[in-house]
Structure formats: structure tokens, C-alpha cells
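To start, the structure itself, in C-alpha cells.
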Amino acid sequence: MHRFHRRGRGLVVLASVALTLPLTAALSPAAAASPADPTAPATSTSAPYALVPQPVSQRAVPGAGFTLTPRTRIAVLSKDAAAQGVGSYLAKLLAPATGYDLKVVRKTQAPDKALVLDPGGPASLGAEGYTIASGRNGVVVTAHGAQGLFRGVQTLRQLLPAAVESRTEQSRTWTVAPAEISDAPRYEYRGVMLDVARRFFPVEQVKRYIDEAAAYKINKLHLHLTDDQGWRIAVDALPDLTEVGASTQSGFTGGTDWYYTAADYKEIVSYAASRFMTVVPEIDGPGHTMSALASVPELNCDDRARAPYSGFDVGISLYCLKDSQHQDATKNFLQTVVDAVARLTPGPYLHLGGDETPQATRGEYDAYVKAAADATTAKKKTVMGWHQLGQSPLPAGSLLQYWGEDSDRETIGTASEKPGITHLRQGVAQGAKYVMSPSDHAYLDMKYDASTPYGLSWSGYVPVQRSYAWDPETVTGKLDGTGAVVPAGQIAGVEAALWADRAYEGSSELPTPGTRWPSPQDYADYMSFPRLPALAEVGWTPQSGRDWTGFRQRLAQHGQRWTAAGIGFHPAPGVPWPGTVRTVEGEHVIVTGDVDGVALENAGSTSDGTDLVLWAPNRGPKQTWTVSPQSDGTYTMTNKSSGKCAEASGGAVGATVVQRTCDTGRTGQHWKFTARPNDDRYTIAAVGGLVLTAGSATNGAKATLEPDTGSALQTWTVD
Ligand code: ACM
């Protein structure tokens, strides 16, 4: 299915729809949610507890769980400092909500009635694998080293009631659900990217985000430190980079401290390390470099510094690589910057960007990649970059990040393969490994739907289901999943990317002086939750252990955790959030239940008798229906655009559904909504019992009446 418009990242796209959603409408309904125990057994026997990411295996154990008391000990079966550190971390994690100051003790054998952390498990668990055995007599988390313990502790906290995430003391019992869990990640690289260049995130907000992401077993923090709109890392030898280059953000000028000092950056790195998360710094180039061009004159062909940039465009800058003098200047600059950043970065990677450089010739691009890669390998760091980097010669062991989308995949194997696919092939042939960040699944700045106040939609809308329902092994293949360009053995993992070039309300238009800008933290919370946990599960859980229907049920339980933790999440459509009143009465968009779900709409006609059709959801008036209860238990559906009612055109199989002037005396306008078991979707039946069916998930398909087969084209989300 064709999806919306596609452009390069951040190109100004002025949509005609004015967004008016007040932020208050986005506040969590879970605040008023029932006190349901999120660890209560769910319906599926394979997933007794609402754990995200879903562990490789889990089993509910009969009997009571282990109830914490103020005297419970956290026993670490090792003197290893890192393992002891995980014990202290767990004590601190539990302290605010429980009010308990649990002692961490060093033991050689697992005591009873304790939270036991044993880093002496078999090597077969791998660096991040763990097991949990929890029952009446205590809880034992076993791993092969401290990192696996830390991942296991993230699961352990999900076996406690949601209130454990509260930052204030809650008076209640704290019982760890009884379970046997065995787990290890699908991929080693599970990242999240923050675009601190377009919108500067103060250190405290970065640390908070690290904690939010670590709870879902994310282990890489990619900081997009430089772009046209700002240079965010101090380099001693080049003070203008931060004095001039950090004075702007997208939409802001005049800053004096919108960057990380060496001490700030070290603080972020060490906080991340305490959460077993590796920082991946990105110095983007040769495009996305206006902040550098504004700070270092000799990077420009005329040796004159550019003006600092605070706008919203993309593709506006390039290091001067036209002659050997300027190539040398760029090389020296990159060496200085890479030396400084590498010195501050204990992790193995240095991300060199390489995206969106339409003005660069092949030779210029190659010159940048060689200079940046040489500087990186000289510091014994691994080159990372966006997938375009694959077109140039790369050092062995490089890691590339795929950010293409369905429109690229559509061209695979045709005579007109998109350049992105060619670059992917070139990188694969060089043996590079890949981190998957397909923009139409993994870009957290894409709007959930047309009503999302922030972000962009050049890669389509990314509702929660789209962020979840994809497979890294097929996402570089054709749309039918075959012909993956990146073979499974060259996939390192998955990264969610939170760009921030449109981090304001009403972002489909350029901002005005009256525009409301959320804090970076509020923007990050809203765009990342619930999609970051969805992407975390894509990176962690084996494909065979994942399905959208089960995931949305598990995810729904996490809303209460985020509310308790103060995370301003978006209770996005498609997830059955507890506490959300289940009623079909009111104004709704009515969408089929598959990943590329299509919405019932009236095709823009105001005449009686026109067939209703299906179209990609945009939440516009043509797709908005007022569902009104009738005395016989059925409902009428009135279209907002035409004011007409949905009506069965006949009683035979295959009859179309039309719109007609509302008249409750016409039985064809009476629709019976039936909630499906264990689901928050509906079948919608005409009076004779045939059900409303989308002819296909293609724009323009007709709505007809068919026997109920339970197909996704007959199950409707009433949002
Ligand atoms: C990108 O979105 N330009 C990597």
C-alpha cells in the first residue's frame, strides 16, 4: 500500500490540516485507571505476566510470590564490584515507592527469603542473558556477570506491582509474582538515538531518558551531537564550535550553554555505563554541518564563516572538499574533533553520519569518509555511520545504520533501485554490519497519526503497531519479505531514533511566536512511549516470540508503570489501556485490524447511495463517524463530512455499504457492534448478520457485507 508522502528528513512539509489537539487531551487516562494488578495472569498461557520485552521463556509458578519487607536483604553472590553495584542499584530502585532501605549483603550461598543476585551463572547465558526463579521463599536472578544481572533486574521490577515505579512512598504489600524465566537478547545492539543537536537536552534530561530506556533493556545511547542547528560537544582546541556553533537550536537563537562540556559528557557516559548502556557519539558530516561551517572559517570554500542556523531545512550544508587545501583543512578538523570525542568515549563506536549530502560529488564524499574513518581508526574506534556511508570504502568491521523505508524496498530487484538500496548493497559487500532503523517503523519523530501534535510524517504515520510489527531480517527485503539485501548474519541490531527537528506543537506548519514548545523531556516521553518499548522488544525478543495481539495486551499494562514513574506517555490508539472506558458511542475513526489498517470513509461524496470505501487513516472528517446507540441495542454511524448514515445496500453476501440520509426507520442503518474476546476490537454486523468487511487494505477498496470469518479485514478498531 502506498503510504502518504515521503521526503528527505525534515524537508518542510506544510500540511493543510491544522493541528489543534490540546496537550491536556494527551494526558494519560491511566492516571484514573483501575488499581488492577498488572502482574495478574494475562489470558495467554505462553505469557502469564505482562513483561516487555517478552522473555524467551516464562512460566507462572503455582503458589504465592515473595513478599518484600523492610528486612529483606539483597544478597549478591560475588565480591565483584559491578555485581555489587547492581545490588545497590536495585536497592535504590525499590526505595522510593516501598519506603524500604534494603541492605545489600555479600554472600557466598543463596540465602532464603532474599532477593538474590548471582553473577556466577554459566557462560552459556551470554553477556546479557539471565534466569529468574521467584517463589514464596525468595527470588534468584542468575547471570554470567553483572550486565546480565542488570537486565534481569529490569524484568524483576516488572514482576512487582506497577506502583513500584512511583517516586513517592506507597503503602501496600510488595509481592514479586512467582515465575520461572529464562532469557537472552536476539540482538547485541539495541539502541536509542537522541537528536540533541536540533533540540538540546540538558544533562539531567538525558540521564532520565537513560533510565527510561534501560528499563526496556536498551543498551546503546546514540547522541546525535552535531547538525546544522547546533554543535553540542566541547572541543578544547576549537572553542568557537561551542561559542558560536552551539548558540542555535531549531527555532532558537542566542544560547550560551547549549552544549556538553567534557565534564557533562563524562557524566552522561558514566551514568549510561552504570545502566550498562554504551554511548555512541555522532559527529555528522559532510552534510548537516552548518554549525561547524559557522564556527571554523576554513571549512568553507571562501574561508568565511557562515551564519549560525536555527531553521528547519535539511540539505543546506557541506564541508568544502573541492580542492586539496580544503580537503586538508577538513581532515585536520576531523582529526581534532575525533581525537577529542574519542578520548572522552570509552565505548567502541564513533558515528560519522554521512546522510543527506545531495550536493557532494562522489570524490568529495569519498574524501570525507576517508578522512573521518582514518581519524576514527587511528583512535582505535569502530566506524559507524548512516547506510549511505556504504558507498565509500570503509574499514573492516564498520557498523552502518539503515534508515530506509517501504518506498526504497519497493524498488528492490527492479531496474530503478533507489540509491539507498545500492548503498546498502555496497556496504553489505564490504562486510559491514547493520543496525536497523527503518524510518517508517523506528523513527520516533514520525507522528503516530494526524492528531499527533509534534514531529513529522514524511515517512508516513507510525502508529504503535507499525513500530512493533516488523522484522529486522526482512525489512531490507521486498515488501513481500523476500530478497533481504542485508543477510541475517550481518544484522547487529535495532535502534529507535528520536529526531527533534520539529519538537513543537502544530509541527505540520513552521512555528510562530505563539507556538508552544514542550520541554525536551516531555517531547521525548510523548514520542517514545509507547513506541520505544515496542522497538526494544523488536531488538530483544526472538521473532517467533512476538505477535502484535499479545504485545498490545502486555503493553497496555505498562501505562500504569509510566504514570507511576511520571512518564508523560501518549495513550495511543490501538492499545487497550486499562481504565479507558470501552464504549463505541461517540466520535470515532473505524479502522481495520491489520498493520496497514485502513479506515472507513465516505470518499468525499455528499450524495445518497454512494459506496463507502477504505483509505489509509488520516483522522479527517471523511473518516470520522458519530456512533449513536439505538433502542434495539444497535448503533447508527453518521459521517462527519457528509452528515449521512452508513447503510447496508442489501442483504446479500457481497452487498456494498453506502451512505444515505439518516433515517432510523431504515433497518440497513442499524449496526451491531460486538466486542471480540480478549481484544478491544469489534465486529460490526448488519441486521441480517453479515459483517462489515474491507474489500482489501488498499486505498479505495469497497466496504461490503460478508459472512464473519474473523479476518483482520472484519475486525475494527473503534478509536
Ligand atoms: C537521517 O534521517 N537523515 C539519518
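The residues of the chain are indexed from 1 along the displayed sequence. Read the numbers this way: they start at 1 and go in the same order the structure lists the ligands and their atoms.
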Legend entry - Approximate separation, where rounding is to 0.5 Å, of K380 NZ and L350 CG: 14.5 Å
Inset, instruction - With heavy atoms of Y443 as the reference, note each atom of ligand 1 found under 4.0 Å away. - result: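 Answer for ligand 1: 1 (C), 2 (O), 4 (C).
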Legend entry - Those atoms of ligand 1 less than 4.0 Å from some heavy atom in D355: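 Result: 1 (C), 3 (N), 4 (C).
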Inset, instruction - Tell me whether the centres of the aromatic rings in W403 and H423 are closer together than 6.0 Å. - result: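 No, ring centres 6.0 Å or more apart.
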Inset, instruction - May I ask you to check whether Q401 and H387 show a side-chain donor-acceptor distance below 3.5 Å? - result: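 Result is no, nothing qualifies.
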Legend entry - Student check: side-chain heavy atoms of I283 and V338 closer than 4.5 Å: no
Legend entry - N/O separation below 3.5 Å, W386 to ligand 1: no
Legend entry - N or O pair under 3.5 Å between H288 and ligand 1: no
